[in-house]
Amino acid sequence: QLQLVESGGGLVQPGGSLRLSCGTTGRSLNEYAIAWFRQAPGLERDQISCVSRGGGTTDYADSVKGRFTISRNRAKNTVFLQMDSLKAEDTGVYYCAAVRTILTHTACMSFNYAYWGQGTQVTVSS
């Protein structure tokens with residue numbers, strides 16, 4: 001079982017930035033595609049970004065495209081979500097998720113993610 005932990009959430013003003021991280025201990029994430037999901041109160045959990053196992057393929061939901069950047073740091077065994085130009089509608093609980101795959105560069109928005117973190121709260125408010 002893979003245990004993921006998110007961190008970096010908090011309160012930020014509109015237009016501000018946050019960087020979320022997703023990691024695990026004792027195991028490598030190198031064989032996993034990683035995704036970020038977001039859930040606001042009363043709404044479904046939606047995938048907003050992902051990065052392929054090889055790191056060469058990334059994708060984003062239209063709502064965050066151009067503002068969020070997903071990346072992975074192999075040395076730190078960590079995946080980051082850099083969030084810039086934050087809006088009030090970005091408020092929600094952010095979850096990282098992972099799925100083990102042998103597909104190095106395959107698009108990752110359609111993967112069935114098997115492992116989930118507990119989530120970190122992001123609140124964008126003035």
S.K.: Hey, are Ser17 and Asp84 close enough side-chain-wise for a donor-acceptor pair under 3.5 Å?
M.R.: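 Result is yes, a qualifying pair exists.
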
S.K.: Leu86 and Val64: same hydrophobic cluster, using ILVMFWY side-chain contacts below 4.5 Å?
M.R.: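 Yes, Leu86 and Val64 fall within the same hydrophobic cluster.
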
S.K.: Do Gln3 and Tyr115 touch side chain to side chain, with heavy atoms closer than 4.5 Å?
M.R.: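 Contact flag for Gln3/Tyr115 side chains = no.
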
S.K.: For Thr25 and Val5, what are the C-alpha separation, side-chain angles and deciding distance, and is it a side-chain contact (heavy atoms from CB on, under 4.5 Å)?
M.R.: CA-CA 9 Å; Thr25 59; Val5 179; over 6 Å; no

S.K.: Hey, are Lys65 and Asp62 close enough for a salt bridge, meaning a charged N less than 4.0 Å from a carboxylate O?
M.R.: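 Yes, charged N to carboxylate O under 4.0 Å.
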
S.K.: Could you give all pairs that pass the salt bridge (charged side-chain N to carboxylate O under 4.0 Å, His left out) test and reach residues 8-33, with sequence neighbours left out?
M.R.: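 Listed by first then second residue: Glu31-Arg100.
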
S.K.: Quick one: pull up CD in Gln47 and OG in Ser110 and give me the separation to the nearest 0.5 Å.
M.R.: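 Spacing of CD (Gln47) from OG (Ser110) equals 8.5 Å.
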
S.K.: Go through it in stages, so that I can follow the logic: the residues are Ile70 and Phe80, the test is side-chain contact (heavy atoms from CB on, under 4.5 Å), and I'd like the CA-CA distance, side-chain angles, deciding distance and then a yes or no.
M.R.: CA-CA 6 Å; Ile70 189 170; Phe80 299 99; over 6 Å; no

S.K.: Using side-chain heavy atoms (C-beta onward) and a distance below 4.5 Å, is Arg38 in contact with Leu43?
M.R.: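 A side-chain contact is absent here, since even the closest heavy-atom pair is not under 4.5 Å.
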
S.K.: Could you check if a side-chain atom of Ile102 sits within less than 4.5 angstrom of a side-chain atom of Arg53, using non-hydrogen atoms only?
M.R.: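 Counting from C-beta outward, Ile102 and Arg53 do come under 4.5 Å.
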
S.K.: When you measure from the centre of the six-membered ring of Tyr95, is the NZ or CZ of Arg45 under 6.0 Å away and within 45° of the axis?
M.R.: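 Judged by the rule, Arg45 and Tyr95 form a cation-pi pair.
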
S.K.: Passes side-chain contact (heavy atoms from CB on, under 4.5 Å), Arg72 versus Ile34? Steps please.
M.R.: CA-CA 9 Å; Arg72 59 195 312 162; Ile34 307 295; 4.0 Å; yes

S.K.: Can you check whether Leu103's main-chain N or O pairs, donor with acceptor, with Thr106's side chain at less than 3.5 Å?
M.R.: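 Side chain of Thr106 to backbone of Leu103: no pair is present.
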
S.K.: Between Asp59 and Ser49, is there a side-chain heavy-atom distance shorter than 4.5 Å?
M.R.: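 No, too far: nothing below the 4.5 Å cut-off.
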
S.K.: Around atom CD of Gln82, are there more than 12 heavy atoms of other residues, nucleotides or ligands at under 6.0 Å?
M.R.: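 Enclosed.
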
S.K.: My understanding is that only residues two or more places apart in sequence, or in another chain, count here; which of them pass side chain to side chain donor-acceptor pair (under 3.5 Å) with Asn30?
M.R.: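 In terms of side chain to side chain donor-acceptor pair (under 3.5 Å), with neighbours along the sequence ignored, Asn30 is linked to Ser28, Arg74.
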
S.K.: Tell me whether Val51 shares a hydrophobic cluster with Leu2, the cluster being built from Ile, Leu, Val, Met, Phe, Trp, Tyr side chains joined at under 4.5 Å.
M.R.: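 They do share one cluster, since a chain of ILVMFWY contacts under 4.5 Å joins Val51 to Leu2.
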
S.K.: Between CG of Leu29 and SG of Cys22, what distance do you get to the nearest 0.5 Å?
M.R.: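 It comes to 6.5 Å.
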
S.K.: Return a table of donor-acceptor pairs under 3.5 angstrom between the side chains of residues 116-126 and protein atoms on other chains or two or more places apart.
M.R.:
unit_1 : atom_1 : unit_2 : atom_2 : d
Trp116 : NE1    : Tyr113 : O      : 3.4
Thr120 : OG1    : Gly9   : N      : 3.2
Gln121 : NE2    : Thr123 : OG1    : 3.3

S.K.: Any side-chain heavy-atom pair from Ile48 and Tyr60 closer than 4.5 angstrom?
M.R.: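 Contact flag for Ile48/Tyr60 side chains = no.
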
S.K.: Under 3.5 Å, side chain of Ser63 to main-chain N/O of Ala61, donor-acceptor pair present?
M.R.: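 Such a contact is absent between Ser63 side chain and Ala61 backbone.
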
S.K.: Just wondering, do Leu81 and Phe68 contact through their side chains at under 4.5 Å, heavy atoms?
M.R.: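 The answer is yes; the side chains approach within 4.5 Å.
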
S.K.: Could you measure the distance from the CD atom of Gln39 to the OG1 atom of Thr91? Nearest 0.5 Å is fine.
M.R.: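 Gln39 atom CD to Thr91 atom OG1 measures 13.5 Å (nearest 0.5 Å).
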
S.K.: Does one hydrophobic cluster hold both Leu4 and Trp36, with members joined at side-chain heavy-atom distances below 4.5 Å?
M.R.: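 As far as the 4.5 Å side-chain criterion goes, Trp36 and Leu4 are connected within one cluster.
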
S.K.: List the steps, then state whether side-chain contact (heavy atoms from CB on, under 4.5 Å) holds for Met83 with Arg67.
M.R.: CA-CA 6 Å; Met83 306 187 296; Arg67 300 187 297 118; over 6 Å; no

S.K.: Do Thr57 and Thr104 come within less than 4.5 Å of each other through their side chains, counting heavy atoms only?
M.R.: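 No, every pair of side-chain atoms sits at 4.5 Å or beyond.
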
S.K.: Tell me if a side-chain donor or acceptor on Glu6 pairs with a main-chain N or O of Cys96 at a distance below 3.5 Å.
M.R.: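 Indeed, once roles are kept as given, a pair shorter than 3.5 Å links the two residues.
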
S.K.: Check the pair Thr78, Ser21 against side-chain hydrogen bond (donor to acceptor under 3.5 Å, both in side chains), reporting the backbone distance first and the verdict last.
M.R.: CA-CA 7 Å; Thr78 302; Ser21 63; over 6 Å; no

S.K.: Do Val79 and Leu18 sit in one hydrophobic cluster, given that two such residues count as connected whenever their side-chain heavy atoms are within less than 4.5 Å of each other, even indirectly?
M.R.: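 Both belong to a single hydrophobic cluster.
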
